[in-house]
Trainee: 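Shown below is the structure under consideration.
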Amino acid sequence: MDPEQLHPDVVRAAMPMAVLALLAEGPAHGYLLVERLRQLGFTRAQGGTLYPLLKRFEEASLVTHEWLHDETGPGRKQFALTPAGRRELTSQHVAWSRVTDLLNDLITSPEKGTS
Amino acid sequence: MTYEQQLTFQLRLRGQSENEIAEVLREVRAHPLAGEESMESVFGTAVTYSESFEKKKRRTLGSAIVTIAVLVAVVCFIAYVVVRLLGLGCLRRNRHPHRLPHRPPPPGLGTRRHRSDVATISIENAVVARKRRVPSHYCTVDAAIETRGITG
């Protein structure tokens with residue numbers, strides 16, 4: 001595996017928070033989110049993983065959507081974060097930071113972790 | 001079958017509503033495909049992609065009607081059994097409140113059967129009256145005894 005690529009398990013765990021974080025920057029449609037995720041290192045990000053995730057977010061009222069129609073084409077589904085989504089992002093960020101700190105402590109000083 | 005048809009079929013199998021299926025198809029159509037990309041390469045096979053949506057129990061109008069009909073049938077059957085077990089004895093006791101209590105036929109009548117207890121008692125009285133040589137009030141019954149050959 002390319003060392004630059006994120007581990008699939010990490011991607012699976014981090015993807016929901018990454019999507020919420022991207023939507024916190026502003027409303028975006030699915031294709032744009034996939035592009036941004038790929039730029040961030042989620043190289044395997046696909047519509048097949050993103051849309052079901054966004055649907056679950058919508059069911060949990062973390063995200064809303066709006067269909068934007070151009071003059072031609074099928075239209076674009078634009079997603080936006082709700083206040084509940086922002087709170088969820090904050091809470092996930094806190095949890096992720098705690099896990100990161102714990103792992104850093106464990107790896108940098110193994111004796112402390114086992115004592 | 002096209003990718004969209006396969007996906008529709010798979011989503012129906014997973015119990016998604018028609019509105020939800022329409023929304024998924026609209027998303028799939030709206031997602032731009034670059035260069036060599038295909039719907040299958042972006043979303044996975046129809047089966048795989050449909051599995052990322054929650055499986056639901058779908059309740060159609062027909063299944064709702066069948067469920068209600070079965071419930072009504074079960075309730076009716078239980079009610080019938082309960083009435084038969086608990087209520088019938090009560091009903092039997094009160095079915096013919098006007099009927100006279102059963103009396104065994106007098107010895108002279110043997111095993112002959114009469115249509116009602118009232119007729120039996122009338123004939124019995126007529127037979128007794130004849131034995132005692134007193135005029136019977138039951139003239140018609142008396143005549144009936146004569147014609148049927150009943151002896152005291």
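Naming: A, B, ... by sequence-line order, numbering from 1 per chain. Owing to the predicted nature of the structure, the values given are computational and were not obtained by experimental measurement.
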Trainee: Would you be so kind as to tabulate the donor-acceptor pairs closer than 3.5 Å made by side chains of residues 91-103 of chain A, with sequence neighbours excluded?
Mentor:
from     : atom 1 : to      : atom 2 : distance (Å)
A:Gln92  : NE2    : A:Glu88 : OE2    : 2.9
A:Ser97  : OG     : A:His93 : O      : 2.8
A:Thr100 : OG1    : A:Trp96 : O      : 2.7

Trainee: So, for A:Gly47 and A:Pro52, which heavy atoms are closest and what is the spacing to 0.1 Å?
Mentor: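 Nearest heavy atoms, A:Gly47 then A:Pro52: O-CD, 3.8 Å.
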Trainee: Taking all non-hydrogen atoms of both residues into account, name the closest pair between A:Leu81 and A:Leu62 and its distance.
Mentor: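 A:Leu81 and A:Leu62 have their closest heavy atoms at CD1-O, 3.6 Å.
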Trainee: Quick one: does B:Val42's side chain get under 4.5 Å of A:Val34's, heavy atoms only?
Mentor: no
Trainee: Could you please show the donor-acceptor pairs under 3.5 angstrom between chain A and chain B, with distances rounded to 0.1 Å?
Mentor:
from    : atom 1 : to      : atom 2 : distance (Å)
A:Gln46 : NE2    : B:Ser41 : O      : 3.4
A:Gly48 : N      : B:Val42 : O      : 3.2
A:Tyr51 : OH     : B:His31 : ND1    : 2.8
A:His65 : NE2    : B:Glu23 : OE2    : 3.3
A:Trp67 : NE1    : B:Glu23 : OE2    : 3.1
A:His69 : NE2    : B:Arg26 : NH2    : 3.2
A:Lys77 : NZ     : B:Glu23 : OE2    : 2.8
A:Lys77 : NZ     : B:Glu27 : OE2    : 2.5

Trainee: Can you give me the closest heavy-atom contact between A:Gly30 and A:Leu50, atom names plus distance?
Mentor: O-CD2, 3.3 Å
Trainee: State, to 0.1 Å, how close A:Thr82 and A:Ser61 come at their nearest heavy-atom pair, and which atoms those are.
Mentor: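 The pair with the smallest heavy-atom distance is OG1-O, 2.8 Å.
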